[in-house]
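Here's the structure, in structure tokens; my notes come after.
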There are 2 protein chains.
Amino acid sequence: MAPESNNNRYQQQRQQAIRSAAAVFAEKGFHGASTKDIAERMGIKQGSLYYYFKSKEEALGEVCHYGIEVYVDRMQSIADSDQPFESKLMATVTSHLTSYRERNEALKVHNDERLYLPEDKRATLKKLGSNYRQQLEHIFEEGVASGVLRESLDCHFAAQAVIGMCNGWGDIIQLDIYDIIQKCTDLLLNGFRERRKETRQ
Amino acid sequence: MAPESNNNRYQQQRQQAIRSAAAVFAEKGFHGASTKDIAERMGIKQGSLYYYFKSKEEALGEVCHYGIEVYVDRMQSIADSDQPFESKLMATVTSHLTSYRERNEALKVHNDERLYLPEDKRATLKKLGSNYRQQLEHIFEEGVASGVLRESLDCHFAAQAVIGMCNGWGDIIQLDIYDIIQKCTDLLLNGFRERRKETRQ
DNA sequence: TGGAAATTCTATTGATCTATAGAATATTTT
DNA sequence: AAAATATTCTATAGATCAATAGAATTTCCA
């Protein structure tokens with residue numbers, strides 16, 4: 001049965017269970033992973049896992065949430081902060097890529113397996129995700145307003161493109177992340193074309 | 001047992017089986033889908049499916065191949081063609097996005113489920129994919145050589161970024177694809193920044 | 001230290017799934 | 001139409017898996 005009250009050890013072990021589940025789900029997928037796999041990875045027996053989750057599905061939900069929360073929190077700080085557009089853009093790219101590195105397994109699970117969650121849980125995650133996208137979109141709107149970005153920019157498209165580009169680095173663990181951050185930001189601002197002499201119009 | 005020789009009906013039915021498998025794998029994932037699901041979708045019984053595939057894994061391999069082949073063929077034409085860089089870039093983006101729309105299910109399966117294939121089959125697909133990436137990289141190198149793109153461009157990064165961005169449009173079926181093509185190409189060439197007066201240096 | 005609460009284990013149930021074998025039906029060919 | 005071939009079906013073996021119940025063990029606290 002579940003523990004009595006605020007229980008430190010329980011919470012720590014549960015956290016460990018979530019990380020184990022993240023690793024196994026990331027490697028084998030939700031349906032390909034067995035509760036035995038997860039339990040073994042944290043050094044307990046299959047049945048014991050149900051002390052921490054009432055179902056395999058609940059474990060998936062926790063993993064997905066664990067993955068995305070770090071994105072969301074950091075984006076909140078960036079959006080609230082008082083920096084010029086270029087800094088916010090670079091901060092977003094940095095946050096996205098470092099989050100993806102730090103919680104690689106959980107975020108992979110969030111991106112690839114969340115559709116196997118029941119409707120209500122999926123809706124909660126979706127809300128977090130579209131909040132994230134909207135905040136990024138708003139940063140682009142500020143960029144347009146401040147004159148850094150072109151008037152004609154489709155900010156919805158821009159936000160989507162950034163997210164897609166940042167998610168596209170599969171084995172990001174292996175890469176020089178600061179190099180990618182720099183190049184992504186440069187691409188977004190200036191594109192790849194040969195630069196002309198800069199003259200204010 | 002397998003059919004005798006060049007058998008038209010067999011090949012047609014097998015193609016139908018591949019498309020059914022693509023749909024079911026795309027919806028439920030490889031491990032979440034059952035051979036019963038696939039068989040039912042094509043209107044036969046579970047056991048009968050094994051007339052067309054010797055295993056569920058073989059079906060996955062066929063689906064993945066069916067998905068990616070269209071990319072690869074089109075990229076070959078573009079790379080072989082004799083167009084200026086801008087046209088090749090736009091043709092690539094167009095090809096990538098329309099392929100993703102036309103074979104949405106199979107390509108989703110290729111991207112998300114191919115890692116569950118046995119090593120040798122996975123290696124074959126990987127070769128196709130990195131061929132694709134290299135050809136795109138080469139297009140960027142031509143762009144630099146022709147003076148359209150900056151000398152300093154990291155063409156490997158550029159190719160990866162394009163692919164990531166193009167794959168990021170999940171429910172592409174719903175979208176105005178020509179709008180996205182136009183905006184992607186514009187982003188890649190010019191970025192989002194407010195344009196300065198153009199003056200040749 | 002002794003008793004209560006928390007954690008893990010063992011054993012099992014019922015369900016589902018892949019793959020195979022051989023029978024039954026349909027199609028093509030002679 | 002009869003024979004041969006191709007396609008589908010039925011039935012089942014063997015394996016795995018999620019989830020539960022209750023016993024055993026460990027940890028915590030008075």
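Lettering follows sequence order; numbering is per chain, from 1.
- Residue contacts shown for B:Tyr52 are limited to sugar-phosphate atoms, with no base heavy atom under 4.0 Å away.
- As a whole-Å value, the separation of A:Arg9 CZ from C:dA5 P is 17 Å.
- Straight-line distance from the CG atom of B:Leu49 to the P atom of C:dC17: 14 Å, rounded to whole Å.
- In this structure, A:Ser48 contributes its side chain and A:Ile44 its backbone to no donor-acceptor pair below 3.5 Å.
- We find that CD of A:Gln13 is positioned 15 Å from C1' of C:dC9, with the value rounded to whole Å.
- Per the geometry, CG belonging to B:Asn8 stands 11 Å off P belonging to C:dT28, to the nearest Å.
- Using bins of under 30°, 30° to 60° and over 60° for the plane-to-plane angle, the ring pair B:Phe192/A:Phe157 lands in the perpendicular bin.
- We find that CG of A:Leu60 is positioned 12 Å from P of D:dA19, with the value rounded to whole Å.
- One interatomic measurement links the two molecules: CD of A:Glu58 to P of D:dA19, which rounds to 10 Å at whole-angstrom precision.
- Among B:Gln135, B:Glu142, B:His138, the single residue meeting the side-chain hydrogen bond (donor to acceptor under 3.5 Å, both in side chains) criterion with B:Lys88 is B:Glu142.
- The distance between atom CD of B:Gln12 and atom P of D:dT8, rounded to the nearest whole Å, is 12 Å.
- Atom OH in B:Tyr50 sits roughly 17 Å away from atom C1' in D:dT7 (whole-Å rounding).
- With A:Ser87 contributing its side chain and A:Gln83 its backbone, the two residues share no donor-acceptor pair below 3.5 Å.
- Side-chain atoms of A:Glu57 and A:Ser55 form no donor-acceptor pair, as typed in the model, at a separation below 3.5 Å.
- Taking the six-membered ring for Trp and the full ring otherwise, the centers of A:His96 and A:Tyr132 sit less than 6.0 Å from each other.
- Near DNA chain D, defined here as any heavy-atom distance below 4.0 Å, the residues from residues 23-47 of chain A are A:Ala33, A:Ser34, A:Thr35, A:Gln46, A:Gly47, listed numerically.
- A close approach under 4.0 Å does occur between a side-chain nitrogen or oxygen of A:Tyr51 and OP1 or OP2 of C:dT7.
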